[in-house]
Peer 1: 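Sending over a structure as structure tokens; questions will come in a sec.
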Amino acid sequence: MKNKYTKIDCENLRALLVNNAKQNADKTGNNILLLSGGMDSVTALYALLEAGIPFKAYTFYFKDFPSVDKIAVESLQQKIGFEHEFIEIPSKWESIKNDVLDAICVCKEIYGKVREVKVETIFALQYLDKRLCQGGVVFSGSTGDALVGYNRNTAIMAAKIGEDNPKMIDQRTLTPKENEFDVIFSKRHKSLSIFCGEAEKFILGFSTKACNTPKPKAFLYHAFGDYHAKFKSYRQPKAFQKAGNEKAMFNMIAIQKGYKDALAMFRYLAKG
């Protein structure tokens, strides 16, 4: 397998992603984009734009918490002008407790245990899904991190194991039952990662060594480099980690309720 990509490779990936959008779009125009402002979902945004497909994007954020997602998406929307709606999620425990309990149950069904980040993600996706009209196609950048989101240390580990090691490929791919996006949205919509099918296979040709380490997501960036150069707006991973997001919100709630952190709270609630 190759561990370097060229300009032609980036052009080929772009064509595959745009084809995914064209081939899977809802014929009536009911296309939904889950847009976080990160590289994966922004790649999906650019693929839909280039494909010329009508869509409406949705972004969730938590009330009373600073959101780099919101800032990045607002900037993109102002520059490009696509149809978009923000979904505000309450930050008061009484308003979201039942939804959190549902998310814990779904997390246990998918992963067999309580996983903090997954509970938080599932909670937000379920909250969003309830506010979407039934039907249509939901596009997302899900699986992007699994395919090209590994950091330098993981890339080095993958290279030491061997680029043809099947275990590394298995760890990079997700079945529908392992992908919370599919589990949640496929009940009422057709759910689709922009990186599915031939695009996934193409990316896997580079991903066991994480593309051009130490920045594996540069592959996605350069696939739509002209868009990024023009609009210059997506949130940086480091900025996201420092910002107030669902992890910060749930940790705050957990501490207020006397738990060590969000994971401890989720585990306690799971027992009930």
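We use all heavy atoms of the structure for the numbers below, so side chains are in, but hydrogens, waters and symmetry mates are not. From a predicted model like this one, the values you see are computed outputs, not experimental measurements.
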Peer 1: If you group Ile, Leu, Val, Met, Phe, Trp and Tyr by side-chain heavy-atom gaps below 4.5 Å, do Phe231 and Leu48 land in one group?
Peer 2: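 Looking at the clustering, Leu48 is in the same group as Phe231.
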
Peer 1: State whether the side chain of Thr59 and the backbone N or O of Lys70 hold a donor-acceptor pair below 3.5 Å, judged by distance alone.
Peer 2: no

Peer 1: Strictly distance-based, threshold 3.5 Å: is any side-chain N or O of Arg131 a donor or acceptor partner for the main-chain N or O of Ile87?
Peer 2: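 Here the side-chain-to-backbone pair does not exist.
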
Peer 1: Short question: side chain of Ser142, backbone of Ser193 - any donor-acceptor pair under 3.5 Å?
Peer 2: no

Peer 1: When you measure from the side chain of Ser41 to the backbone of Ser36, do you find a donor-acceptor pair of N or O atoms at a distance under 3.5 Å?
Peer 2: yes

Peer 1: Just wondering, more than 12 heavy atoms not from Lys201 lying within 6.0 Å of its NZ?
Peer 2: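 Counting other residues, nucleotides and ligands, NZ of Lys201 stays at 12 neighbours or fewer.
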
Peer 1: Mind running ring-ring contact (aromatic ring centres under 6.0 Å, His included) on Tyr268 and Tyr259 for me, showing each step along the way?
Peer 2: CA-CA 9 Å; Tyr268 177 81; Tyr259 298 97; 5.7 Å; yes

Peer 1: Output yes when Asp99 and Lys130 qualify as a salt bridge under the 4.0 Å nitrogen-oxygen rule, no when they do not.
Peer 2: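 Salt bridge flag = yes for Lys130 with Asp99.
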
Peer 1: Give a yes or no answer on whether the side chain of His189 reaches the backbone of Val137 with a donor-acceptor pair at less than 3.5 Å.
Peer 2: no

Peer 1: Donor-acceptor check, side chain of Asn20 to backbone of Ile194, threshold 3.5 angstrom: yes or no?
Peer 2: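 Indeed, once roles are kept as given, a pair shorter than 3.5 Å links the two residues.
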
Peer 1: Is any side-chain N of the basic residue among Glu50 and Arg14 closer than 4.0 Å to the acidic one's carboxylate O?
Peer 2: yes

Peer 1: Hey, what's the ring geometry for Phe123 with Phe62, parallel, tilted or perpendicular (30° and 60° as the breaks)?
Peer 2: parallel

Peer 1: So, does Asp261 use its side chain to make a donor-acceptor pair with the main chain of Asn251 at under 3.5 Å?
Peer 2: no

